[in-house]
There are 2 protein chains.
Amino acid sequence: MSRWEPNARERLERAALALFAEHGYDATTVAEIADRAGLTKSTFFRHYADKREVLFGGQDMLVELFTQAIRSASPSATTAGCLAAALESVAVAFTPERHDVAEQRRVVIAANPELRERELLKRARLSSAMADALRARGTDETTARLAAEIGVLAFGTAYARWAASGNRQPFTEIADAVLRDLQARATALGAS
Amino acid sequence: MSRWEPNARERLERAALALFAEHGYDATTVAEIADRAGLTKSTFFRHYADKREVLFGGQDMLVELFTQAIRSASPSATTAGCLAAALESVAVAFTPERHDVAEQRRVVIAANPELRERELLKRARLSSAMADALRARGTDETTARLAAEIGVLAFGTAYARWAASGNRQPFTEIADAVLRDLQARATALGAS
DNA sequence: CAGGTGATGAGACATGGTGCCATCACCTAG
DNA sequence: CTAGGTGATGGCACCATGTCTCATCACCTG
């Protein structure tokens, strides 16, 4: 178990989540996280730009899934159809066996303003990437931004419901229902 | 010009904006800001929770204006009508004489990821407050959240256009056009 | 076995941010 | 006019985050 144990990132993420859940985010120092992972502060910051990032390792994959789904959608698909496809494509990241970790992570983030702020940044990046992907297939500027915002709102709502304690409903079903609801309300709102 | 010069907050905000514009946000220390304002680091942190906050002093007023406009809207007003009223009510904060400072502030924030992140937090608070105000007048949960998101998107777009160099169009006109555009797109998006 | 490569360790350093206590201006009671 | 109370400030110690540089070590390759 020397210096070259593999999976440094994974070890750091596990250690961080466990310590945050036990003592809280503020009361946990980077040195403690690194210690628990058998590493040092230096190595932590070589893997993560700051302390918050250790909880957001999977975000790049999420962005990739969203944009890939939109890029590979049929040219004749509607914008709303693209949103549905994008939401469906990320379901692979929210399998039942990841449910417990997701819930733990959700609680930790919810308890700390600094982490909620970082989550907003991640959501904004997601929205921005979706808008780019929509524009790339010819959607006009305003619709692209609006649809991306609705998509992120739907994702956030669906993720929260999926991760909430006790709810074992598949992510796809939740996301589908949320998106349909939002779409209907958008119609009513625009028509008023 | 001793210890008890008044308007400490205002002096700190001016000093901070000037230094950020000249040397950049990162290259400016809190001690330098305080020095320039004739104060000390201690006093800075007594007025602002952290270094970023010094650029977001007017946010509470913005929230107040938005929610007040929605609260005082006619019970028979549509949700979209509430958004329009809210956007119109904040125009008092964006008078021509504040244009230059706003533009300077916009540039500083745009140049720094940390500050952009904080701006997202402020927008989220705005959205949350608007959704609360809408719910308070009977709007259903989903519509309230969606409308608040659209309202903030409209505000952000309008503010950016208003503050952008050279544009001297009144805020009200810009906001109105942006909101109408978004409303039309929302209809089309929902109907697809 | 010599050298290159890449991840890690170690420690100095600046800054952000917190906490405590002393200081000073102003106000008010007596 | 003085004594004390109040509130904003200064000064300083302190810890954690985050940056930087250099040494170290494992592994691989010629």
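Residue numbering restarts at 1 for every chain, and letters A, B, ... go by the order of the sequence lines.
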Engineer: Are A:Leu120 and B:Phe155 connected into the same hydrophobic cluster when the rule is that any two of I, L, V, M, F, W, Y join if their side-chain heavy atoms are below 4.5 Å apart?
Structural biologist: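 As far as the 4.5 Å side-chain criterion goes, A:Leu120 and B:Phe155 are not connected within one cluster.
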Engineer: Between A:Phe94 and A:Phe171, how do the two ring planes meet: parallel, tilted or perpendicular, split at 30° and 60°?
Structural biologist: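 If you compare the ring of A:Phe94 with that of A:Phe171, the planes turn out tilted.
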Engineer: Under a 4.5 Å cut-off applied to non-hydrogen side-chain atoms, are A:Arg11 and A:Arg36 in contact?
Structural biologist: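 Sidechains of A:Arg36 and A:Arg11: no contact.
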Engineer: Hey, are the side chains of A:Arg9 and A:Tyr48 touching, using non-hydrogen atoms and a 4.5 Å cut-off?
Structural biologist: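 A:Arg9 reaches A:Tyr48 side chain to side chain.
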Engineer: Between A:Leu39 (CG) and C:dG6 (C1'), how many Å, whole number?
Structural biologist: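 It is 15 Å, rounded to the nearest whole Å.
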Engineer: Check whether the side chains of A:Arg145 and A:Ser127 place a donor and an acceptor atom closer than 3.5 Å, and report yes or no.
Structural biologist: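 A:Ser127 and A:Arg145 do not have a side-chain donor-acceptor pair below 3.5 Å.
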Engineer: In whole angstrom, what separates A:Arg11's CZ from C:dT8's C1'?
Structural biologist: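 The answer, rounded to whole Å, is 11 Å.
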Engineer: Does a side chain donor of either B:Gln68 or B:Arg71 reach within less than 3.5 Å of an acceptor in the other side chain?
Structural biologist: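 Their side chains do contain a donor-acceptor pair, which is all the 3.5 Å distance test asks for.
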Engineer: So does A:His47 get a side-chain nitrogen or oxygen closer than 4.0 Å to the phosphate oxygens (OP1/OP2) of C:dA7?
Structural biologist: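 So the side chain of A:His47 is outside the cut-off, no N or O lying under 4.0 Å from OP1 or OP2 of C:dA7.
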Engineer: Taking N and O atoms by type only, does the side chain of A:Arg46 place a donor or acceptor under 3.5 Å from a partner on the base of D:dG18?
Structural biologist: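 Looking at the base of D:dG18, it does not pair with any donor or acceptor on the side chain of A:Arg46 (distance under 3.5 Å).
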Engineer: Show the distances under 3.5 angstrom between N or O atoms of the protein and N or O atoms of nucleotides 14-18 of chain C.
Structural biologist:
{"unit_1": "C:dG16", "atom_1": "OP1", "unit_2": "B:Lys51", "atom_2": "NZ", "d": "3.2"}
{"unit_1": "C:dG16", "atom_1": "OP2", "unit_2": "B:Val30", "atom_2": "N", "d": "3.4"}
{"unit_1": "C:dG17", "atom_1": "OP1", "unit_2": "B:Arg52", "atom_2": "NH2", "d": "3.2"}
{"unit_1": "C:dG17", "atom_1": "OP2", "unit_2": "B:Lys51", "atom_2": "N", "d": "2.8"}
{"unit_1": "C:dG17", "atom_1": "N7", "unit_2": "B:Lys41", "atom_2": "NZ", "d": "3.2"}
{"unit_1": "C:dG17", "atom_1": "O6", "unit_2": "B:Lys41", "atom_2": "NZ", "d": "2.7"}

Engineer: Below the 4.0 Å mark, does C:dG9 have OP1 or OP2 next to a side-chain nitrogen or oxygen of A:Thr40?
Structural biologist: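 Looking at the OP1 and OP2 atoms of C:dG9, one of them is under 4.0 Å from a side-chain N or O of A:Thr40.
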